[in-house]
Amino acid sequence: MRSKSRQPSRIALLGLFGVGNIGNDGSLQAMIEFIAKAQPDASVRCISPGSAAVDRKFGIKSVPSRITDEGSRFRLLNRLLFKVPSKIIDMAASIALMWTTDLLVMPGTGVLDDFGERPLGVPYDVFKWCLMARLLGARVAFVSVGAGPIRHPVSRWFMTNGAKLAHFRSYRDEISKIFMTEAGVRTSDDPILPDLAFRLRSPRVAPPRGAAKLVVGLGVMTYRGWTNAGRAGEEKFKTYIEKLSGFAKGVLAEGHSIRLLTGEEGDNTAVALLRRRLDGDAQGRIAVADCSSLATLMEEAGRTDVVVATRFHNVLCALKMAVPTISIGYAKKNDVLMEERGLGEYCQHIETLDVALLDEQFRRLVAERDEIRLRLEQSNDEMARRIAAQDRILVSALFEHQLGSPAGEAPSVGSRLPAPEDAA
């Protein structure tokens with residue numbers, strides 16, 4: 001194994017980036033900005049399925065997270081040989097990249113869950129890259145990640161054993177840490193640090209004040225269940241849109257206007273279907289917001305009186321802009337985020353959405369919106385202090401420790417990094 005420098009200067013960022021999910025890309029942006037400030041001489045590259053989009057958007061070198069089958073002859077040969085050639089080429093490319101990497105980082109996102117993923121997708125990629133990094137002497141870090149659920153047993157094996165190979169892990173909330181503990185990962189030295197998106201600068205937007213007719217931000221999602229598959233998934237999507245359109249019609253009937261918020265390119269399907277279901281005479285009071293990045297999403301959320309949203313980063317951006325919010329989530333991460341901000345009573349699950357309860361929650365939120373906005377502004381001040389503490393921990397963990405600590409050491413986060421665990 002080659003020797004490593006004391007401070008990592010060649011850093012690779014691994015994740016589901018450049019594929020149209022603005023929450024994931026926001027986490028990548030936050031980590032790039034952090035590294036530029038903490039280690040300005042570092043060479044940063046990204047490993048992602050959307051490498052070309054990352055190149056364009058962030059201006060850093062990016063490589064695919066796996067080799068794709070290119071060329072008709074190769075695809076035919078690859079199929080005949082049970083995809084063994086592509087696996088060999090993919091592994092060789094991984095080895096070559098990790099040979100010139102000092103530090104592999106998974107920056108934020110729900111990288112340790114299998115929502116919409118099969119075992120040989122992201123779960124396999126996480127394990128493969130962590131293993132290659134460790135074998136070739138690079139350090140491995142999971143920074144402010146979300147974890148769980150991981151429902152497929154093979155996906156769980158890949159992800160938990162990938163996490164066990166890390167020198168440093170931190171989670172964005174308590175439930176993620178609990179999940180990994182119950183999955184068999186030793187988490188006693190793993191801190192809970194804010195979601196990386198909280199690091200992004202909030203735009204200056206004058207919020208609406210005191211108008212009788214409100215601007216309601218409605219965050220929609222093309223949701224087809226956890227596995228995103230089959231007729232059952234289509235039924236879940238149809239039911240969700242029907243319920244959401246019923247709520248939206250009530251909002252419009254009271255004279256309010258709606259701005260539709262999204263978090264991924266695929267959510268345009270939900271936007272189009274929802275708009276077709278709403279009354280034609282209300283179309284002048286329905287607009288589709290610019291949600292091309294977390295920055296524009298924050299701007300759009302900041303111009304609303306209240307937000308009702310499904311995607312985690314829709315909710316996060318609304319809270320970051322101190323906008324009173326209702327969450328219709330598909331995982332507990334939304335509930336935890338809302339509870340941390342004192343809004344636990346304004347949550348529902350997407351698959352058991354009760355429109356009558358949503359109407360009631362909306363009326364209470366509107367009645368209390370000035371008080372809630374003030375509380376959110378105060379909690380954002382506290383979040384700024386937590387981000388400053390996060391910076392100190394990450395600088396110490398990622399950049400101020402000798403690479404390749406011997407196995408068997410288990411120092412605390414405050415002084416040294418915990419040694420990686422043996423993969424089960």
Side-chain angles (χ1 to χ4, degrees), residues 17 20-34 57 107-110 144 146 172-173 193-208 214-223 258-268 270-271 287-331 333-343 346-347 350 365 369 372-373 375-384 386-387 390:
F17 306 122
N21 184 296
I22 64 172
N24 290 357
D25 287 356
S27 295
L28 176 61
Q29 178 185 343
M31 180 53 69
I32 292 171
E33 291 176 358
F34 167 74
K57 188 172 183 179
T109 79
S144 296
R172 67 187 178 192
D173 51 41
L193 301 176
D195 188 285
L196 289 175
F198 281 115
R199 299 185 53 82
L200 299 175
R201 181 174 299 178
S202 300
R204 292 185 177 275
V205 178
L214 306 178
V215 180
V216 178
L218 186 58
V220 300
M221 177 180 179
T222 302
Y223 176 82
I258 291 175
R259 294 191 68 78
L260 296 175
L261 310 174
T262 58
E264 190 171 279
E265 291 174 1
D267 294 340
N268 292 330
V271 168
V288 180
D290 174 12
C291 299
S292 55
S293 67
L294 287 191
T296 58
L297 175 57
M298 283 188 278
E299 287 183 16
E300 296 284 3
R303 295 190 179 102
T304 67
D305 292 278
V306 296
V307 164
V308 180
T310 293
R311 284 195 178 274
F312 177 82
H313 282 98
N314 276 194
V315 174
L316 185 151
C317 285
L319 298 178
K320 189 169 166 59
M321 297 301 291
V323 179
T325 301
I326 296 172
S327 166
I328 307 172
Y330 60 86
K333 59 185 179 181
N334 283 37
D335 298 347
V336 171
L337 179 62
M338 292 283 284
E339 288 166 2
E340 288 175 349
R341 297 308 186 90
L343 294 175
Y346 293 103
C347 297
I350 192 170
L365 191 75
R369 67 185 186 277
I372 292 173
R373 187 181 288 273
R375 293 206 312 264
L376 290 175
E377 289 171 349
Q378 292 170 343
S379 68
N380 282 338
D381 291 340
E382 173 59 27
M383 180 57 70
R386 290 184 62 194
I387 292 295
Q390 179 188 53

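Nothing fancy with the numbering, it's 1 onward along the sequence. Any value given below was found using the heavy atoms of this structure, including those in side chains, with hydrogens, waters and symmetry copies removed.
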If only atom types and distance count, is the side chain of [X] paired as donor or acceptor with the main-chain N or O of [Y] below 3.5 Å?
| X | Y | result |
| --- | --- | --- |
| K57 | D25 | no |
| T296 | D290 | yes |
| S379 | R341 | no |
| N380 | K320 | yes |

> Atom CG of D173 and atom NZ of K333: how far apart are they, to the nearest 0.5 Å?
Replying inline: 9.5 Å

>> Working to the nearest 0.5 angstrom, can you tell me the gap between F312 CZ and T109 OG1?
In response: 10.5 Å

Mind listing the closest non-hydrogen atom pair of [X] and [Y] along with its distance?
| X | Y | answer |
| --- | --- | --- |
| R375 | G342 | NH2-O, 3.7 Å |
| C291 | L297 | SG-CD1, 3.8 Å |
| S27 | D195 | OG-OD1, 4.4 Å |
| I387 | P194 | CD1-CB, 3.8 Å |

> Residues in side-chain hydrogen bond (donor to acceptor under 3.5 Å, both in side chains) with E33, at least two apart?
Replying inline: Q29

> Does CD in E377 sit with more than 12 non-hydrogen atoms of other residues, nucleotides or ligands closer than 6.0 Å?
Replying inline: yes

>> Would M321 and V307 count as a side-chain contact (heavy atoms from CB on, under 4.5 Å) here? Give the steps.
In response: CA-CA 11 Å; M321 297 301 291; V307 164; over 6 Å; no

>> Assess the residue pair Y330 and T310 against the criterion (side-chain contact (heavy atoms from CB on, under 4.5 Å)); give the C-alpha distance rounded to whole Å, side-chain angles, the decisive distance to 0.1 Å, and a yes or no.
In response: CA-CA 7 Å; Y330 60 86; T310 293; 4.3 Å; yes

>> Please tell me whether S327 and N334 have a donor and an acceptor in their side chains that are separated by less than 3.5 angstrom.
In response: yes

>> Run the side-chain contact (heavy atoms from CB on, under 4.5 Å) test on M338 and L319 for me, step by step, so that the C-alpha distance in whole Å, both residues' side-chain angles and the decisive distance to 0.1 Å come before the verdict.
In response: CA-CA 9 Å; M338 292 283 284; L319 298 178; 4.3 Å; yes

>> Between Q390 and R386, is the side-chain contact (heavy atoms from CB on, under 4.5 Å) condition met? List the steps.
In response: CA-CA 6 Å; Q390 179 188 53; R386 290 184 62 194; over 6 Å; no

